[in-house]
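Each chain gets a letter, A, B and so on, in the order its sequence line appears, and its residues count up from 1. Just so you know, these numbers come straight off a predicted model, no measurement behind them.
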Amino acid sequence: MAQSGILLSFSTAGGHVSGQLAPHEKDLIFRWECTIVARDMSERKNPYPFDVFEPKWQAIWDAEKTFKVSNPGEPGFDAEKPKCYILDMFPYPSGAGLHVGHPEGYTATDIVSRYKRMKGYNVLHPMGWDSFGLPAEQYAIKTGQHPSITTYANIDNFRRQLKMLGFSYDWDREIATTDPHYVRWTQWIFLRLYNSYYNTELKKARPVSELEAKGWSREEIDNVRLAYVAEGLVNWSPDMGTVLANEEAEEWKSKGFTVERRKLRQWMLRITAYAERLIDELEPLDWPESIKLLQRNWIGKSTGAEVNFDCQGKTITVYTTRPDTLFGATYMVLSPEHELVPQITTPEQKAAVEAYQKACAAKSDLERTDLSKEKTGVFTGAYATNPVNGKQVPIWIADYVLTGYGTGAIMAVPAHDSRDFEFAEKFGLPIIQVVQPDDASLPWQNFCGYDGTMVNSEHFNGLSVTEAKKQMISWLEEKGYGHGKVNYKLRDWLFSRQRYWGEPFPIIWNTKDGHHYAIPESELPLLQPDMEDFKPSGDPRGPLVKATDWIHYSDEFTRETNTMPQWAGSCWYYLRYLDPKNDQAFISPEVEQYWMGSGHTPGGVDLYVGGTEHAVLHLLYSRFWHKVLYDYGLVSTNEPFNKLVNQGLILGEDGQKMSKSRGNVVNPDDIVRDYGADSLRLYEMFMGPLKEVKPWSTKGVEGINRFLARVWRVAMQENQEGEWVLSGKVTAEDDGSVTPVRKELHKTIKKVGEDIEAMSFNTAISKMMECTNAMTSAEKVCVADYVQLLHVLNPFAPHITEELYSRLREAFPALPACQLCFQPWPVYNPEYLVENTKEIVIQVNGKLRDKVTVAADASKDELEAAAMAAPKVQEFIAGKTVRKVIVVPGRLVNIVAN
RNA sequence: GCCAGCUUGGCGGAAUUGGUAGACGCGCUCGACUCAAAAUCGAGUUCUACGGAGUGUGGGUUCGAGUCCCACAGCUGGUACCA
C-alpha cells in the first residue's frame with residue numbers, strides 16, 4: 001500500500017525523481033514513506049476510541065445482566081417502583097440480517113427505557129424472534145436443510161447485531177416463536193379458541209361445554225366455535241402451495257406470487273364475532289389516528305336495514321344502508337352466485353343468465369374488481385314487489401353485487417347511488433328522484449349525500465335523510481317487511497396454511513364419525529415430524545400428509561395436517577415476555593397483573609413501537625386474541641397495547657426505498673465499524689421526527705460522530721504517545737456561580753427530559769449539541785456539570801457516556817461508583833433558567849424594526865415606553881399617527897401607525 | 001374515484017402552538033494550524049436591483065399567519081364496486 005502510494009505521489013509531483021536516485025533523493029523517498037504511513041494511520045484512527053470501549057461495555061452489560069428486571073416474587077423485585085412496559089415489534093430473523101430500519105424504532109424505545117429506569121420505574125424491555133416464516137422454509141426447500149438450522153443461525157446473527165448496538169434488553173426474557181416451549185402455549189391458546197363460542201348476550205367468549213350442558217348437538221356446537229372448519233372460496237397460491245388470509249393475499253401478489261380463488265375446507269377463526277368490540281374498544285387507545293382509521297375501515301361497520309322483497313312468493317332479502325330511498329328503488333340486483341337465481345329466472349332468460357354466470361365464474365379476482373371496466377349484467381325475467389309502494393321492479397344479476405357481503409342482493413336506487421346510476425344509464429332502467437339536495441346548486445341525479453330532503457316518498461316527504469332513515473326502519477319493522485341491521489366488511493380469519501414450518505394444529509380427526517377433536521393439553525407441544533421432504537406437493541392438505549407415521553394418531557384418529565400462519569406466534573408474544581420460562585401456565589396471573597394490570601392506569605403495554613405495515617394484520621389479530629383471553633380473565637385489560645407509535649421508513653441515500661436491486665441498502669454492521677454504535681443510534685434519532693419518512697445520509701452520520709468526538713474532547717486529550725488522557729479542562733473547582741455553561745446545561749436537562757417524553761429525539765439531540773458547544777468553548781467545565789450532560793446523553797449514547805464517566809471517576813473519586821444508568825435522572829434548577837433581562841422585539845405595523853433589552857419583569861407601560869424611545873421606531877413612525885400599541889410582555893411590542 | 005397525511009434555504013430538519021422564520025446538523029466559502037494534506041479550531045452561508053421580498057399557489061381572518069379559515073395544485077401512504 002505504502003509502496004504504491006509513493007509511486008503515485010511521485011508521478012503526480014513530477015518526473016524528475018525517476019531514473020537514478022541521488023543520495024538526498026533516497027532520503028526524500030524515506031521521508032515520503034514515513035508521512036504516507038503516518039497518514040494511513042491517522043486516516044484509520046477514530047476521533048475517539050469507540051472501537052475499543054463499545055464492545056467492552058457491551059460485554060459488561062451482558063456479564064452483569066445490567067438490564068435484567070425481576071418479576072413479582074423474584075429476588076431483587078422492588079414493588080415500590082411503578083412499572084413501564086416498553087415493547088418493540090420483534091423481528092423476523094431473515095438471512096439478510098438487521099437493516100437500518102430496525103435500529104430506528106429499537107433505539108427510540110431504548111432511549112425511553114433507559115430514561116424511565118433513571119426516573120425510577122421497573123422497566124420491562126424485552127426482545128425475541130418471530131421465527132416461523134416462509135423465507136426459511138423456501139430456503140430449506142431449495143437446500144434440503146431443515147428450516148430450523150437457518151432459523152437459529154439467523155437468530156444468532158440478529159442477536160449479535162442487536163447486542164452490538166447496546167440495547168438495554170433483558171436478554172433473560174428472550175423468546176422465539178419456533179421454540180417448543182413457546183409453541184406449546186400457542187397451541188394451548190388455539191385450543192381455548194377451539195373450545196369457545198361467542199355469547200352474544202354477554203358479549204364475550206364462553207366455553208362450548210356450556211352449550212353441551214344445554215344439550216346442543218355436536219353439529220350445532222361446531223357451528224359456533226371461535227376456531228372452526230368451513231369450506232369456502234379462499235386465496236390459494238399454487239406457487240407456495242398454501243392458502244392465504246384476505247389480509248395477506250395482496251402482499252404476496254405484489255411480491256410476484258400468483259394467488260387464485262379456490263373452494264377448500266379450511267380452519268377459520270371467528271374474528272367477526274368481535275367486530276363490534278374491535279371497533280368500540282379501539283377508540284380510547286393512544287394510537288395514531290391514521291392507524292385507528294385503517295382498522296375502522298378494515299372492519300367496515302355500516303348501519304342500515306335488511307328489507308324483504310317478494311318475488312312469486314319467494315322472499316329476497318336485500319341489505320341497504322339507505323332504507324330512506326326505498327321509494328326510489330326501481331330494480332333489484334342479485335349477485336351471479338345468489339342461490340335464488342336459478343329458481344326465479346324465466347325460461348326465456350335462462351340461457352343468457354347461465355352464460356353470464358359462467359363468464360363470471362371464469363373471471364379472475366383481478367378482472368372482477370377492475371374498477372375501470374364497465375358494468376355488466378343480465379335481466380332474469382323476474383319481477384319483485386317493492387314493499388313500500390307495491391310496484392313491480394325487474395330483477396337483474398350483475399357482478400358488481402358481491403356474494404360475500406350483506407345478503408348478496410341489493411335494491412337499486414339509481415338516482416342516489418353512483419353504481420346503480422351507472423348501471424341504470426347503461427341498461428336504460430328508470431331513475432326516480434327521492435332526495436332533494438339541500439344545496440340547490442347540486443343536481444339531484446346521482447346525488448349520494450346525506451344532506452337532503454325526501455321527495456316522491458309519500459308520507460316520508462319533507463323529512464331529512466337521516467330522519468327518514470330512522471322512520472323507515474321503524475316502519476319496516478312494524479309492517480314486518482324488514483329490520484335494522486349492522487353489517488361489517490370484516491371476514492373471519494382464514495387460519496390454516498399448507499406449509500411445514502408452522503405450528504401444527506393440536507387437532508385429530510375421527511375416521512369413523514368424521515368429526516374433529518382436540519388432543520389433550522398434556523400432549524402439547526405438538527411439533528412437526530422430522531421430514532426429509534417438506535416441499536409443497538400441490539396437495540391442499542399440505543406437506544405433512546407425507547409423514548404417514550406422524551399422521552397416524554391411533555386406529556381411530558388421524559392428525560390434522562395443516563399448520564398455523566406466522567401470525568399465530570406474533571399474536572401473543574408480548575404476553576410471554578412477562579413470564580417466558582413458566583412451564584405451568586402461559587403466564588402466571590400475579591406476573592400478568594403487575595406488568596399489564598391497570599394498577600398503573602391505563603394498563604397494558606405502555607409503549608409499542610413499530611412500522612405501519614402491521615396496521616391491519618398483526619395489530620388486529622393480537623387485539624382479537626387478547627380479548628378472548630380477557631373474556632376468560634386470563635389477562636387484565638381488554639386491549640393489549642395502550643400506546644402505539646409508528647416509526648417512519650428510512651429511505652436510501654437516493655431518496656428511494658432501500659432495496660437490494662437498487663443497491664442503496666445501508667448495512668448497520670458497516671456503520672458501527674466505521675463510526676460506532678453510539679453514532680448510529682444518535683444519527684437515526686437525529687435524522688428527523690421518528691414518525692416521518694426520511695432519507696439516509698452517511699455524511700449525517702459523520703456529523704454525529706464529530707459531535708460525540710467533541711463530547712469526548714471536553715474531558716479528554718491525546719498525549720505524546722497518542723493515548724487518550726483526561727485533559728484537565730474538567731475541574732472539581734466550583735464557586736457555585738451560575739455560569740453561562742451551567743445555564744445552558746440546565747436548559748438542556750429540561751428540554752431533553754421533555755423531548756424524550758414527547759419522543760421528539762431530534763430536538764433533544766440538537767439541544768445537547770448546543771450544550772456541548774458551550775462546554776467546548778468554555779475555559780473550564782465543572783465536573784458536576786459535565787457529568788450531568790453525560791447523564792442526559794446516556795440513554796442516547798450509552799457507551800461513550802459510561803466510558804467517560806468511568807474515566808472521570810479515576811480523577812474525581814467523589815463521583816458515585818455505579819454506572820450512569822443506575823443513577824437518577826438529573827433535576828434541573830428552575831432558578832438557573834430565569835433570565836433577568838429579555839430581548840423584546842419591536843414591530844411597526846407587524847414588521848420587525850428594532851430590538852431592545854429590558855428587565856424580564858418590565859411592565860407593559862415600561863415596555864411601551866422603551867419601544868417608543870427606540871431610535872428606529874421613531875424613524876418609522878415619523879409623520880404617522882400611532883393608532884394602537886400591542887404589548888405582549890416578555891415578547892414584543894407592535895406599534896400600529898399610519 | 002374515495003380516505004388520510006405531507007409541502008419551510010443547496011440538503012435533513014427547528015420554530016415556546018397566533019408573536020424575532022431558518023435552531024441543530026450536512027454541504028459549501030473563507031481563515032488559523034501545517035512544507036503539505038487529513039483532523040481540529042474560528043468566521044460566514046434564504047434570496048436581493050440593498051428599497052425590500054420570502055414557509056407549494058390564490059384569497060380571507062388578525063395589530064400580527066409557517067401556524068387559523070376557504071379554494072386550488074403537487075407529492076406520499078391506504079383502499080378498491082362492501083350497497
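Within the 3.5 Å criterion, the main-chain N or O of A/Val435 finds a donor-acceptor partner in the side chain of A/His416.
In terms of the side-chain hydrogen bond (donor to acceptor under 3.5 Å, both in side chains) criterion, A/Asn386 has no residue partners (sequence neighbours excluded). Taking A/Glu276 as the reference, A/Lys203 meet the salt bridge (Lys or Arg N to Asp or Glu O under 4.0 Å) condition, with sequence neighbours excluded.
Ion pairing of A/Glu754 with A/Lys750 is present here, as a side-chain N (NZ or NE/NH1/NH2) and a carboxylate O approach within less than 4.0 Å. One finds no salt bridge joining A/Glu770 and A/Lys751 here, because no Lys/Arg side-chain nitrogen approaches an Asp/Glu carboxylate oxygen to under 4.0 Å. Look at A/Lys292 and A/Glu289 and you find a salt bridge, because one of the NZ, NE, NH1 or NH2 atoms lies within 4.0 Å of a carboxylate O, short of that distance. Electrostatic pairing of A/Glu425 and A/Lys375 does not count as a salt bridge here, judged by no charged N lying under 4.0 Å from a carboxylate O. The residues A/Arg296 and A/Glu283 are annotated as salt-bridged, a charged nitrogen and a carboxylate oxygen being separated by less than 4.0 angstrom.
For A/Arg296 and B/rC3, the shortest distance from a side-chain N or O to OP1 or OP2 is not below 4.0 Å. A close approach under 4.0 Å does not occur between any side-chain nitrogen or oxygen of A/Lys851 and OP1 or OP2 of B/rU20. Side-chain N/O atoms of A/Arg706 include none lying less than 4.0 angstrom from OP1 or OP2 on B/rA39. At least one side-chain nitrogen or oxygen of A/Tyr405 sits closer than 4.0 Å to the OP1 or OP2 atom of B/rA83.
If you check every strand for non-hydrogen atoms under 4.0 Å, A/Asn773 touches sugar and phosphate atoms only. Using a 4.0 Å heavy-atom criterion, one finds that A/Arg883 contacts no nucleic acid atom at all. When heavy atoms are screened at a 4.0 angstrom cut-off, A/Gly703 is found touching the sugar-phosphate backbone but no base atom. As judged by a 4.0 angstrom heavy-atom cut-off over every strand, A/Glu289 is placed among residues making no nucleic acid contact. At a threshold of 4.0 angstrom between heavy atoms, the contacts of A/Ser302 are confined to the sugar-phosphate backbone, with no base atom among them. Counting non-hydrogen atoms under 4.0 angstrom, A/Leu892 reaches a base of the nucleic acid. Residue A/Val888 is classed as a base contact, given a heavy-atom separation below 4.0 Å to a base. Across all strands, A/Ile886 comes closer than 4.0 Å to base atoms (heavy-atom distances).
For the contact set between residues 318-328 of chain A and RNA chain B, defined by any heavy atom under 4.0 Å, the members are A/Tyr319, A/Thr320, A/Thr321, A/Arg322.
B/rG9 has its base syn relative to the sugar, with a glycosidic angle deviating from 0 by at most 90°. In B/rU17 the O4'-C1'-N dihedral to the base is within 90° of 0, which defines a syn nucleotide. Here B/rG51 is in the syn range [glycosidic angle within 90° of 0].
Sorted by first then second residue, the salt bridge (charged side-chain N to carboxylate O under 4.0 Å, His left out) pairs that include residues 694-711 of chain A, not counting sequence neighbours, are A/Glu104-A/Lys694, A/Lys699-A/Glu702.
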Dump every N/O contact between nucleotides 13-18 of chain B and the protein below 3.5 Å, one line per pair.
residue: B/rG13; atom: O3'; partner: A/Asn762; partner atom: ND2; Å: 3.4
residue: B/rA14; atom: OP1; partner: A/Asn762; partner atom: ND2; Å: 3.1
residue: B/rU16; atom: N3; partner: A/Arg891; partner atom: NH1; Å: 3.0

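In RNA chain B, stems built from 3 or more consecutive Watson-Crick or G-U wobble pairs, each with both distances under 3.5 Å, span B:1-7 with B:73-79, B:10-12 with B:24-26, B:27-32 with B:40-45, B:56-60 with B:68-72.
Between A/Val465 and A/Arg322 there is a side-chain heavy-atom pair separated by less than 4.5 Å. Using a 4.5 Å heavy-atom threshold, the side chains of A/Ser302 and A/Tyr405 count as touching.
A/Lys375 contributes a side-chain N or O that forms a donor-acceptor pair with the base of B/rC81 under 3.5 Å.
When distances run from any side-chain atom of A/Ile410 to the nucleotides B/rG19, B/rA83, B/rC63, the shortest one goes to B/rA83. Ranking B/rC63, B/rG27, B/rG25 by closeness to the A/Arg710 side chain, first place goes to B/rG25. Comparing B/rG27, B/rU40, B/rC24 by their closest approach to the side chain of A/Arg713 singles out B/rU40.
Ring orientation note: the planes of A/Trp712 and A/Tyr48 are tilted relative to one another, at an angle of 30° to 60°.
Two rings, from A/His746 and A/Tyr828, have their centers 6.0 Å or more apart.
For the P atoms, the distance from B/rC26 to B/rA21 is 26 Å, rounded to whole Å.
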